[in-house]
Peer 1: 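One structure, pasted below without further comment.
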Amino acid sequence: MKTPHVFLMCPPEFFDVSYIINPWMHGNVRKIDNALAKQQWRALYDILTDCATVRLVHPQPGSPDMVFTANAGLVMGRRFLVSRFRYPERQYEEPYFADWFLDRGYDVSLMPRDIPFEGAGDALLDRAAGHLWFAHGHRSVLAAKEVIAARLGAEVVALRLTDERFYHLDTCLCPLEGGHLLYHPAAFDAPSRAAIERLVPAARRIAVGEEDALSFACNAVSAGRTVVVNRATTALADELGRRGFEVVQTPLSEFMKAGGSAKCLTLRLDES
Ligand code: ARG
């Protein structure tokens, strides 16, 4: 079913693992099967164009991680807050993403240079609750919280990540339609787990175990009742099915080697 959702993606023309900035990249430098990566990206693109609109940004040589458009920045209506990447390797992407949004008439603002913030990798809008979940601990810093709140006029709930395999919020938490929340509790510190339990009713929480978390089941693209993931166990797919979601699995092994999968490869543009 076609939903009104719009996603930004970047073709994997120059995708590679050419440096190591997260644990998933270890041992994977220059180990990408390019033909397979292109085929996997295209399969995700095809699934999303069936149920949403997909826009594209031109890939840039020298920015192998630019495929992960979730990290471009944060969209709220016609406002776009450009990411400030923690590692220099990804800072080259910043002007390209900023230009894409400027060219389309967005009100674009920049992070202060000394405040790393990695966009929708670390800030996810919970439409049912009306707030943004924001995570710090690995890439974004806590100081980004105030900047996001001020620039985008959003209510922000800060969570702290503690397991370096889940270095971005979108690797371990995903707000779904109807107030459901998919998350891997072990990726957060105790106060953050308590905050999630306080803000999301038990009946709406879907705690994901390590097996699913490690295959990036929380890194899901949510488009209406469709949930697109790299892989999910039957138990998780059934659990989501009982809540009215249809799980679509599409292998993204080549992108997992860089530490990303379905959700990281997309940036939702229709956020308000
Ligand atoms: N190699 C990329 C990095 O470490 C992967 C980014 C994945 N993106 C995400 N939103 N989790 O920055």
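For ligands, and for the atoms within them, numbers begin at 1 and follow the listed sequence. By convention here, the first residue in the shown sequence is residue 1.
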Peer 1: Under a 4.0 Å N-O cut-off, is there an ion pair linking Glu254 with Lys38?
Peer 2: no

Peer 1: Give yes or no for whether the N/O distance cutoff of 3.5 Å, strictly under, is met between Thr171 and ligand 1.
Peer 2: no

Peer 1: Using a 4.0 Å cut-off to any heavy atom of Ala70, which atoms of ligand 1 qualify?
Peer 2: 10 (N)

Peer 1: Centroid separation under 6.0 Å, is that true for the rings of Trp133 and Phe188?
Peer 2: no

Peer 1: Output yes when Glu210 and Arg165 qualify as a salt bridge under the 4.0 Å nitrogen-oxygen rule, no when they do not.
Peer 2: yes

Peer 1: Please work out whether the ring planes of Phe68 and Phe15 are parallel, tilted or perpendicular, with thresholds of 30° and 60°.
Peer 2: perpendicular

Peer 1: Please confirm whether Arg139 approaches ligand 1 to less than 4.0 Å, judged on its heavy atoms.
Peer 2: yes

Peer 1: For atom 8 (N) of ligand 1, which candidate among Asn71, Ile20, Leu169, Asn22 holds the nearest heavy atom?
Peer 2: Asn71

Peer 1: In ligand 1, which numbered atoms sit nearer than 4.0 Å to a non-hydrogen atom of Gly121?
Peer 2: 10 (N)

Peer 1: Purely on distance, is any nitrogen or oxygen of Ala258 under 3.5 Å from one on ligand 1?
Peer 2: yes

Peer 1: Taking only heavy atoms of Met25 into account, list the atoms of ligand 1 that are under 4.0 Å away from them.
Peer 2: 1 (N)

Peer 1: For Gly259, take its heavy atoms, then give the atoms of ligand 1 lying under 4.0 Å from any of them.
Peer 2: 7 (C)

Peer 1: Which of the numbered atoms in ligand 1 are under 4.0 angstrom from any heavy atom belonging to Asp65?
Peer 2: 1 (N), 2 (C), 3 (C)

Peer 1: Consider every N or O of Asp170 and every N or O of ligand 1, then say whether any pair is closer than 3.5 Å.
Peer 2: yes

Peer 1: Going by the angle between their ring planes, with limits at 30° and 60°, are Phe166 and Phe216 parallel, tilted or perpendicular?
Peer 2: tilted

Peer 1: Heavy atoms only: which of Tyr167, Trp24, Phe255 lies closest to atom 5 (C) of ligand 1?
Peer 2: Tyr167

Peer 1: What pair of heavy atoms forms the shortest contact from Ala217 to Val229, and how long is it?
Peer 2: O-CG1, 3.3 Å

Peer 1: Regarding Arg243 and Glu239, does a basic nitrogen lie under 4.0 Å from an acidic carboxylate oxygen?
Peer 2: yes

